[in-house]
Amino acid sequence: MAEPSTGAPEDEEVARRALLAQAIPDAGEDTPLARQAAEDARRRIRLRGRTLPKPPRTRVLTVANQKGGVGKTTSAVNLAAALAQCGLQVLVLDVDPQGNASTALGVAHEDRTPGTYEVLVEGLPLSEAVRQCPDVRGLEVCPASIDLAGAEMELATEPDMVARVSLLGRALADHVADREQRGLPRLDYVLLDCPPSLGLITLNALVAAREVLIPIQCEYYALEGLTQLRNNIGLVQRSLNPQLEISTILLTMYDARTRLAREVAEEVRRAFPSRVLDTTIPRSVRISEAPSHGETVMTYDPGNSGALSYLQAARELVESHHARLAAAAVSADDRADDRADDQDDDQVDDQLDDQGVADAAAGRVAEHRDEPPAAAPEEEPVQPEAPAAVVDLRTGPLDLRGSWTPDRSTASRRRAAERRA
């Protein structure tokens, strides 16, 4: 008897939400505000209150862009809050000396507050610097203070280049192992908020991660810097972290009313067709207001279009990753099946060859049994051997002129043979 599918309740819930969303009437083209309100209501029905599947292992994403003002910190904290609200365990590492991610998540980061600086420079265990976000359950933060601005010079004194860019990665790996030993829930997502530069702090974040999430403002300057950022990530990948990849690109500050925003979005999607999320983050005053209250927009105004966009982007971030894993598993299974088929074909060919050899041998034995015994061959008289002709290796069938040493007696032996003949 087949066991009931565990995904059936989830499918029923998705179908129920889809019916509710379809029940909302469409607004006319002449009322853009009403149309936006209707779309937000549909997204709220589809997204709010749903959980997301956990990844098979901890995903570490560095949120990086060497251009400032593109929404790195805003995207990092709001995606982290959205993932945590969907039932995942999330850690945000603030590696920006400005400490804006710490502010947005309501965590103090004054001077002498244990944080990323102490982890990198003083070797403080990450578990002693992590703080719980007061507004979102399952979301933890490692704060950053202005002290981190001096970490670049202190890290530069380390003579080993690989060692000084691997400090954060080792601290994070030790923290994950420490949580496992203490029986704490496994971290599902780790987001590292980087400063707008490519110094030693950002290099530590890139070496510690497997994936890079790039927020891109839908303006020309951001598009111009994307190529340089891609080249820099390629350098890190080749020399320091071969597993690093650009897995996600998020378009921020998108204004569908402007042609420039649409053109920038098209160019980015053309360059990274499988990495750009379908969800775009619109310009929103609520998103900008939330940090002044020590919150993310996910808790400050959950029904805002910006909050719904980040919630949808978080869901797409998770689902696209699971889709890539499923595709990779299918591809691996296909390759394994092809190898198994090749091995089976080789075994069949070997068996056919062995059977053919056995049949031929059996046929020869049967023929010999039916034949009368053969008479002993008559011995022929031994004829005296004729004298062998002398071959001049310089002109004969073997041309060894490149490596042959002349024999002075060759000509005299030939003349003697001619006289005997």
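Starting from 1, each residue takes its place in the sequence as its number.
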Side-chain donor/acceptor of R269 to backbone N/O of R275, under 3.5 Å: no
Quick one: are N232 and Q66 in side-chain contact, heavy atoms under 4.5 Å? yes
Begin from the C-alpha positions of M298 and L311 and carry the test side-chain contact (heavy atoms from CB on, under 4.5 Å) through to its verdict. CA-CA 8 Å; M298 306 304 301; L311 185 59; 3.9 Å; yes
Rounded to the nearest 0.5 Å, how far does OG1 of T252 lie from CD1 of I214? 12.0 Å
Can you check whether C194 reaches V63 side chain to side chain, under 4.5 Å on heavy atoms? no
Using a 6.0 Å cut-off, check whether atom CZ of R57 has over 12 heavy atoms from anything other than its own residue. no
Which value, rounded to the nearest 0.5 Å, describes the distance between L120 atom CG and L126 atom CG? 9.5 Å
Can you confirm whether R259 is buried at CZ, in the sense that more than 12 heavy atoms of other residues, nucleotides or ligands lie under 6.0 Å from that atom? no
Quick check: does any side chain N or O of E316 sit under 3.5 Å from a backbone N or O of D278, one acting as donor and the other as acceptor? yes
Test log, rule side-chain contact (heavy atoms from CB on, under 4.5 Å), inputs L229 and V212: CA-CA 11 Å; L229 175 62; V212 181; over 6 Å; no
Can you tell me how far the CD1 atom of I201 sits from the CG atom of L167, to the nearest 0.5 Å? 11.0 Å
Pairs in or reaching into residues 140-159: which pass side chain to side chain donor-acceptor pair (under 3.5 Å), with residues at least two apart or in two chains? Y117-E154, E140-R179
With distance as the sole test, does D255 use its side chain to make a donor-acceptor pair with the main-chain N or O of A261 at under 3.5 Å? no
Verify, without hydrogens or angle tests, whether T296 (side chain) and N78 (backbone) share a donor-acceptor contact under 3.5 angstrom. no
Measuring only between side-chain heavy atoms, which start at C-beta, is L244 closer than 4.5 Å to T62? no
Could you tell me whether the side chains of N100 and T73 share a donor-acceptor contact shorter than 3.5 Å? no
Interatomic distance, T299 atom OG1 to L139 atom CG [nearest 0.5 angstrom]: 10.0 Å
How many angstroms lie between atom OG1 of T202 and atom CD1 of I233, to the nearest 0.5 angstrom? 10.5 Å
Do the non-hydrogen side-chain atoms of P114 and L124 ever get within less than 4.5 Å of each other? yes
Taking the side chain as every heavy atom from C-beta outward, state whether R182 and S127 have any pair of such atoms under 4.5 Å apart. yes
Evaluate the side-chain contact (heavy atoms from CB on, under 4.5 Å) criterion for residues L277 and L251: first the C-alpha distance (whole Å), next the side-chain angles of each, then the deciding distance (0.1 Å), finally the verdict. CA-CA 8 Å; L277 298 183; L251 299 174; over 6 Å; no
Counting N and O atoms only, with roles assigned by atom type, does the side chain of S102 sit under 3.5 Å from a partner on the main chain of A144, one being a donor and the other an acceptor? yes
Using 0.5 Å steps for rounding, measure from the CG atom of D301 to the NE2 atom of H293. 10.5 Å
Close side-chain approach of V70 and I216, heavy atoms under 4.5 Å: no
Side-chain donor or acceptor of N241 paired with backbone N/O of L206 under 3.5 Å: yes
Would you say the side-chain atoms of T279 and Y310 include a donor-acceptor pair closer than 3.5 Å? no
Using a cut-off of 6.0 Å, state whether more than 12 heavy atoms not belonging to R137 lie near its atom CZ. no
Nearest heavy-atom approach of A104 to V77 is CB-CG2, 4.0 Å
Is a side-chain N or O of R315 found less than 3.5 angstrom from the main chain of L52, in a donor-acceptor match? no
Shortest non-hydrogen contact between Q217 and G69, atoms and distance: OE1-O, 3.3 Å
Of all the heavy-atom pairs spanning G303 and L308, show the shortest one and how long it is. O-CD1, 3.8 Å
Could you give me the CA-CA distance, side-chain angles and deciding distance for R270 and E267, then say whether salt bridge (Lys or Arg N to Asp or Glu O under 4.0 Å) is met? CA-CA 5 Å; R270 188 179 298 114; E267 289 294 329; 2.8 Å; yes
Which heavy atom of L105 sits nearest a heavy atom of C133, and at what distance? O-SG, 3.4 Å
Heavy atoms from other residues, nucleotides or ligands near CZ of R230 exceed 12 (cutoff 6.0 Å): no
Starting from the C-alpha separation in whole Å, work towards a yes-or-no answer on salt bridge (Lys or Arg N to Asp or Glu O under 4.0 Å) for D188 and K54. CA-CA 6 Å; D188 299 311; K54 294 179 177 292; 2.9 Å; yes
Between P143 and A108 the two heavy atoms that sit nearest each other are CB-O, 3.8 Å
For P196 against K72, the heavy-atom pair lying closest together: CB-NZ, 3.8 Å
Find out whether V90 and V136 are in side-chain contact, i.e. whether some heavy atom of one side chain is under 4.5 Å from a heavy atom of the other. no
Any donor-acceptor pair under 3.5 Å from N65 side chain to P215 backbone: yes
Pair Y189, L79 - check side-chain contact (heavy atoms from CB on, under 4.5 Å), show working. CA-CA 10 Å; Y189 281 80; L79 285 174; over 6 Å; no
Are side-chain heavy atoms of S284 and V297 found at a separation under 4.5 Å? no
